Amino acid sequence: MRSNLTTTAKVYLAIVFVILYAPIFYLIFYSFNSGGTMSSFESFTLEHYKAVFNDNRLLVILINTTIVALLSALIATMIGTLGAIGIVSMSNKKMRRTLLSLNNILIVSPDVVIGASFLILFTMVGIQLGFTSVLISHIAFSIPIVVLMVLPKLFEMNTNLIDAALDLGANRRDVLTRVILPYIKPGIFAGFFMALTYSLDDFAVTFFVTGNGFSTLSVEIYSMARAGISLTVNAISGLVFVVTVGIVVMYYLITKRTRKSGEV
Amino acid sequence: MANDTIIRFDNVTKSYNSNTTVLKGVSFELERGKFYTLLGPSGCGKTTILRIIAGFEAPTTGDVFINSKRVNNVPANERQVNTVFQDYALFPHLNVFENVAFGLRIKKVKEAEIKARVAEALKFVNLAGYENREITEMSGGQRQRVAIARAIVNDPEVILLDEPLSALDLKLRTEMQYELRELQQRLGKTFIFVTHDQEEALAMSDEIFVLNEGNIQQSGTPVDIYDEPINRFVADFIGESNIVDGVMLEDYKVQFAGKVFDCVDGGMKQNEKIEVVIRPEDLHLTTPAAGKITVRVDTQLFRGVHYELSTYDKDGNEWLVHSLKQAEVGAQVGLDFDPEAIHIMRLNETEEEFDARIEAYTNEV
Amino acid sequence: MKFKPKATFSPYLLWIVLFVIAPIGLIFYYSLLDLNGDFTLANYRNFFTPAYLTMTLTSFWYAFLITFFTLLIAYPTAYFLTKTKHKHLWLMLVIIPSWINLLLKTYAFIGIFGLYGPVNAMIEVFGFDPTQILFTDFSFVFVAVYIFIPFMIIPIFNALDKMNPSLIYAARDLGASAFTTFRRVIFPLTIEGVKSGIQVTFIPALSLFMITRLIAGNKVITLGTAIEQQFLVAQNWGMGSTIAVFLILIMFASMRLTRKKKRGGRA
């Protein structure tokens, strides 16, 4: 195998990878510990996983988290994709730049500021804090990332393709559904998955805008972690890790397939 | 003949942002079933004309007619015109069949008919059996054919081709020139072909429009344009030419390079300043004594079919000569040419004046 | 492109108005209100008292440290990654940990840095007494750096990956040493990536509040912690908004500084 790496470089990379993964495997390792602590491993057990599945409250939270993630990613993808198409089709360069800057504000904004400002917004408008407010917030902070994932595909798209479609008799709806959307599909997928991970990973914004007993996994782990070590959290980590890797593999396979058929 | 007119431009202009004018009043009529070429350097407005015919752009002023119907505001998707794009613009997410079928599917043509028509179109461009290929699996020449099939399958009245051969290599380009010409004759449709390649234009067209800076400089058959360029630009752009200043002494008598020659042009004022064009292949090498002008050979390049000589007369005018015979660099040689080889160009003559004059004088000889 | 789907574009524009412009406006508005909802400049006066200024400075200091160490670790990692054989696979492996829930990773460090955790076990092996690493400045900075590393690696990796390798050969060919090549060619060409990396690290580092609570106890107070404190504990939205206004101003400043210059690069 050809390698341009010196031994030092290899060792360096190895250390970085160990540090990146150690905490995760540390958590998963102790999730099988019957001892109930994260310092001395007594014997193998699945009781903490059982505890997760027997805890109705926790299951409800898991379901809530998934629903919020899927729903917000889906809606954000729709709004964001159409937004990106709108941005690209603007003829006024200055307006386009302004819109892009506005788009990026929520990506650069600190979570706390987003959370705090949304809290004010929901309180003023009178939206009850809970599922609705959390869902709306997740849609709101996922839209700009979808736009950013879709834009490069749109910019890369040959505008002659649109002319060609019009030339062949397509109306604007046909152009959208038969040419633009299929072409930018990889970008839409990427946007959807990013939105999904943004939603699943969010803690700060949800922490601010949730209420009335509605909770997501992040917020629940926070309160569990503040109370101290609980191996149920470790078991959740194990599950989350498996699901994450699963999503990554799935995403990788899907993009690989669409890339194969989508390249010029 | 008016019945046969399919496209008419009436004093069409096109400007962007009020300060860049791409077309400065273009008028022409195109007949049904002919192969037309819009020829000119980049930025001359040829592609803009194509885009206006296709409906991608609207003229700023003036009118465009297709089949005697004013179409200024008819969008591209409602015109009986299809385009073959420079980069083919094939849909990368669709395979060959679906690319060709695109227009038919939009029109909601029945599945069985789509199958038949796509197969026929692909057969027309020699791609039968390639239906299920991905676009990525096709070579440049094959993509070109798919693009053509995608246009002709819709049975348009006019097919627009925007420099469709420019991405191909030389050998393939020549091959496609034959094929396109043949295809046009088999289909009997109007082809409007845009190119900056004069050889392509000369080889394929029934009629050529030479454009420069938003104006039509000259139109006519390839032979007319080659033999009787209207001005320095056309002469320079269509093939290589020797252009020198001269004076028209009287009808059929022209003075240039310090001598008086017989020619076949007339209809100008006495002693009018003109420009003379002689094509390099019309100059024949001979001895200084036998030649009409004497020149010194400066450089010589072997071009395969002929030698290309750069020579200078005593006044310092450069004379480019295409010769089958080899010459000696540095030698004094004579150049001989026929009166018919001398083409006279009046300064600032319009196309109408030019046509009228040519009509009146060439017939008499 | 002449394609203008006006009707389909409106949800996005509505989103910009409701969730980008309106929230910023509301934050400014609330920063001018006191606890009774009356207009006041007291919050701003308050912010410029030594207590808040010290906190702001400390927050900046920690954010600086976190960004610095993240960059220090991430740049060589990204550089070496671009040299590996299956670089995109390796990059993927770097990204995966960033997709594991932030809370879980932070929670892991409660165990790792704990009095009976593996780090202290190691310290004991070397013959030292176990100490409380949790709830210290060190643990806070370490965990934050750990969290931000992948986000810093990605833009730098992309910048390095985009760089034409011939440039390095050209520099070496022209007599530059490995170090000079790095300083004069590689680093300047990847500066945009570094800038984006700093942007995705510095601002979030200023506003961390979950890690400060879980890992640093309440020893480290960042701007983020202060906002959370004012909004959710003290219920003083006016003061919280005032601090947020400053975070927003810093954010705009950083957006200006790190704005991409399209110059000489490929589109």
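Below, chains carry the letters A, B, ... as their sequence lines are ordered, and counting in each starts from 1. Atom set for the values below is all heavy atoms of this structure, side chains included, hydrogens, waters and symmetry mates excluded. What you see is a predicted model; the values in this text were computed from it and never measured.
- Using a 4.5 Å heavy-atom threshold, the side chains of C:Leu232 and A:Leu119 count as touching.
- C:Tyr79 does not touch chain A: none of its heavy atoms, backbone or side chain, sits under 4.5 Å away.
- Residue A:Val16 touches chain C through its side chain alone, counting heavy-atom pairs closer than 4.5 Å.
- If you measure heavy-atom distances from A:Tyr222 to chain C, the contacts under 4.5 Å come from both the backbone and the side chain.
- Looking at C:Pro204, neither its backbone nor its side chain comes within 4.5 Å of chain A, counting heavy atoms on both sides.
- Rounding to the nearest 0.5 angstrom, the gap separating the CD1 atom in A:Ile120 from the CZ atom in C:Phe231 is 4.0 Å.
- Once rounded to the nearest 0.5 Å, the distance linking OG of A:Ser109 with CD1 of C:Ile248 reads 6.5 Å.
- If you look at A:Tyr26 and C:Tyr107, their ring centroids are not closer than 6.0 Å.
- Proximity to chain A (any heavy atom under 4.5 Å) is shown, for C:Ile73, by both the backbone and the side chain.
- Closest non-hydrogen pair, A:Ile143 versus C:Trp15, comes out as CD1-CD1, 3.4 Å.
- A centroid separation of less than 6.0 Å is found between the aromatic rings of C:Phe19 and A:Phe118.
- Residue A:Ile221 holds its CD1 atom at 10.0 Å from CG of C:Leu102, rounded to the nearest 0.5 Å.
- C:Thr225 does not touch chain A: none of its heavy atoms, backbone or side chain, sits under 4.5 Å away.
- The distance from atom CG of A:Leu13 to atom CH2 of C:Trp90, rounded to the nearest 0.5 Å, is 8.0 Å.
- Shortest non-hydrogen contact noted between C:Phe9 and A:Leu82 is CD1-O, 3.9 Å.
- When heavy atoms are compared at a cutoff of 4.5 Å, A:Met124 approaches chain C solely by way of its side chain, counted from C-beta outward.
- Contacts of C:Tyr30 with chain A are made by side-chain atoms alone, with heavy-atom separations under 4.5 Å and no backbone atom involved.
- In this structure, the separation between OH on C:Tyr12 and CG on A:Leu102 is 8.0 Å, given to the nearest 0.5 Å.
- Closest non-hydrogen pair, C:Glu228 versus A:Val112, comes out as N-CG1, 4.3 Å.
- There is no contact between A:Ile107 and chain C, counting heavy-atom distances below 4.5 Å.
- Other residues, nucleotides and ligands place more than 12 heavy atoms under 6.0 Å from the CZ atom of A:Phe155.
- Annotation for C:Phe246: atom CZ counts as buried by contact number, over 12 foreign heavy atoms lying within 6.0 Å.
- Residues C:Pro97 and A:Leu20 share a closest heavy-atom pair of CB-O, 4.1 Å.
- Interface remark: A:Thr123 contributes side-chain atoms only to the contact with chain C (heavy atom separation under 4.5 Å).
- Residue-environment remark: CE (C:Met92) exceeds the threshold of 12 foreign heavy atoms within 6.0 Å.
- When C:Thr106, C:Ile203, C:Ile227, C:Thr77 are compared by the number of non-hydrogen pairs under 4.5 Å with chain A, C:Thr77 comes out ahead.
- Of the atoms belonging to A:Val147, it is side-chain heavy atoms, and not backbone ones, that fall under 4.5 Å from chain C.
- When heavy atoms are compared at a cutoff of 4.5 Å, C:Val245 does not approach chain A at all.
- Neither the backbone nor the side chain of C:Leu208 comes within less than 4.5 Å of any heavy atom in chain A.
- The part of C:Leu247 that comes within reach of chain A is its side chain, from C-beta onward, which places non-hydrogen atoms under 4.5 angstrom from that chain.
- Smallest separation of non-hydrogen atoms from A:Ser117 and C:Ile27: CB-CG1, 3.5 Å.
- Between the CD1 atom in A:Ile79 and the CD1 atom in C:Ile16 there is a gap of 11.5 Å [rounded to 0.5 Å].
- Shown here for A:Ser237 and C:Leu104, the closest heavy-atom pair between the two residues is OG-CD2, 3.4 Å.
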